[in-house]
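Below, all heavy atoms of this structure are taken into account, side chains as well, without hydrogens, waters or symmetry copies.
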Amino acid sequence: RGYISRRYDPRDMVLSIAGDVDARLVVEEAARVFGQYANRNVLQPVAMIDLEGLQRGMAADIRKGSWKKAFLSFSFPAPGSRHESAAAADVLAHLLAGDDTALLQRKFRIERPLVDDIDASCMTFERAGIIMLSAQLDAGKAEEAVRDMAGLLSSLKADDFTDDQLKRAVLNLEDEYYRSKEKIAAIAETAGREFFYDPSSVGGARWIAELQAVTKEKLQQVIDRWIRRDALTICALLPEKGEGDALDPTRVGGIVSEFWTAEASAAKGKRADPQSEREVIDLDGKRKIILMPDTSLPYVSAVLTYSGGELL
C-alpha cells in the first residue's frame with residue numbers, strides 16, 4: 001500500500017475502452033470506482049536513464065532448474081520510446097528474427113538447426129528500453145550457440161541486409177500495427193499505451209512516420225551505439241543435469257571474449273557518436289578549421305569566428 005501511495009496517482013493513469021459503449025455511462029462508472037482517489041504526490045519531471053552508464057562490461061548469469069530445454073538470452077540497454085533511434089531499433093529486431101527470412105532465423109534455425117526457436121525484440125519504456133535476442137535449444141548446444149551468436153553480433157552491420165529486406169521489414173511492422181487495431185481488446189490496449197507514452201500521437205502517426213524514415217545509416221547507428229560487448233548481458237537457463245553442465249559465467253565470458261574482441265566493441269563505440277569525431281586542422285598556428293560531423297539534419301552550417309575584445 002505504501003508503494004502504491006507513493007507511486008500511483010490518478011493523473012498517471014489511463015483508462016481506455018473500445019467497443020459499443022455509452023461514453024456517459026462509462027465516465028460515471030469510472031468516477032464511482034476511481035473517484036475517491038486523489039493526487040498525493042508532486043509531479044516530478046521524468047529523468048532519463050544514462051544508458052552509457054549501463055555499459056559496464058559483459059555480464060553473465062547462469063541458472064539451473066527442472067526443465068528439459070535450455071534458454072539463452074542476449075540483452076542490451078536501449079533508448080526509450082521517444083528516442084530518435086527507437087523506430088530503427090524496432091526495424092533491426094525485425095530484420096534479425098521477425099520472420100523465417102530474417103538473419104537469425106536462417107542462420108540458427110533453418111540452415112543449421114542449432115535452436116528450436118529464436119526471437120529478437122526491442123522493448124521500450126519512457127526512460128529506457130532493452131534489445132533482447134532469445135532462443136530455446138537443447139542444452140548440449142548452448143555453448144555453440146553462445147559462440148556463434150557472439151561471432152555474428154561482433155561483425156553485425158547494416159549492409160548485412162538488402163534494401164528490399166529493409167523495405168519489407170518496415171512494411172511488415174506497419175502491417176502488424178494496423179492489424180493490431182482490428183480487434184476490440186487490441187484497440188483499447190494500443191490507444192491506452194499511445195496516450196500514456198505519447199499523447200501527442202494517438203493513432204501512431206509519429207511512430208509510423210519515424211518507421212518509414214528508417215535508413216541503413218540509422219540502423220548502423222543503433223548497431224554501433226547499442227549492440228556492444230561492454231553492454232551485453234547473457235542469461236542462460238539450463239537443466240539441472242545433463243549436457244551444458246560446463247557452461248558457467250566464467251566460461252561464457254571466455255567464449256564471448258574470444259569471438260567478440262574488445263577492439264571490435266571499442267570500434268563500435270567510436271563510430272557510435274559521429275559528433276565526437278571532431279577534427280581540428282591547424283593552418284599556420286593562428287588559423288584553425290574545426291570540422292564536426294552531425295548527421296541529425298540534412299544541412300551544413302559554417303561559422304567564421306575572430307578572436308578579439310568586446311569593443312570589436
Find out whether E194 and T190 are in side-chain contact, i.e. whether some heavy atom of one side chain is under 4.5 Å from a heavy atom of the other.
->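 Yes, their side chains come closer than 4.5 Å.
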Is the closest side-chain heavy-atom distance between R112 and E144 below 4.5 Å?
-> yes
For [X] versus [Y], what's the shortest heavy-atom pair and its separation?
{"X": "R206", "Y": "S81", "answer": "NH2-O, 3.8 Å"}
{"X": "L114", "Y": "L137", "answer": "O-CB, 3.7 Å"}
{"X": "A142", "Y": "L72", "answer": "O-CD1, 3.8 Å"}
{"X": "A88", "Y": "K218", "answer": "CB-O, 4.0 Å"}
{"X": "P239", "Y": "A139", "answer": "CD-CB, 3.6 Å"}
{"X": "E240", "Y": "K64", "answer": "OE2-O, 3.6 Å"}

Derivation and outcome, side-chain contact (heavy atoms from CB on, under 4.5 Å), residues L173 and W207 = CA-CA 11 Å; L173 288 172; W207 184 76; 4.2 Å; yes
Decide if atom CZ of R63 counts as having more than 12 heavy atoms of other residues, nucleotides or ligands within a radius under 6.0 Å.
-> no
CA sep, side-chain torsions, deciding dist, call: R193, S16, side-chain contact (heavy atoms from CB on, under 4.5 Å) = CA-CA 9 Å; R193 184 179 64 250; S16 58; over 6 Å; no
State whether a side-chain donor-acceptor pair under 3.5 Å links Q105 with R109.
-> yes
Side-chain H-bond candidate by donor/acceptor type, T101 with D99, under 3.5 Å =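 The criterion, which ignores hydrogens and geometry beyond distance, is satisfied for D99 and T101.
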Is a salt bridge present between [X] and [Y], judged by a nitrogen-to-oxygen distance below 4.0 Å?
{"X": "R179", "Y": "E176", "answer": "no"}
{"X": "K157", "Y": "D159", "answer": "no"}
{"X": "E28", "Y": "R24", "answer": "yes"}

In Å, rounded to the nearest 0.5 Å, how long is the span from CG of L219 to CG of D224?
-> 11.0 Å
What residues form a side-chain contact (heavy atoms from CB on, under 4.5 Å) with [X], not counting sequence neighbours?
{"X": "S85", "answer": "P79, H83, V222, W226"}
{"X": "P10", "answer": "Y37, N39"}
{"X": "F161", "answer": "L92, L95, L96, L103, L156, Q165"}

Given the rule in the side-chain contact (heavy atoms from CB on, under 4.5 Å) test, do I130 and F76 qualify, once you have shown the distances and angles that lead to the verdict?
-> CA-CA 6 Å; I130 182 173; F76 306 86; over 6 Å; no
Walk me through it: do E174 and I208 pass the test side-chain contact (heavy atoms from CB on, under 4.5 Å)?
-> CA-CA 7 Å; E174 285 186 61; I208 292 295; 4.0 Å; yes
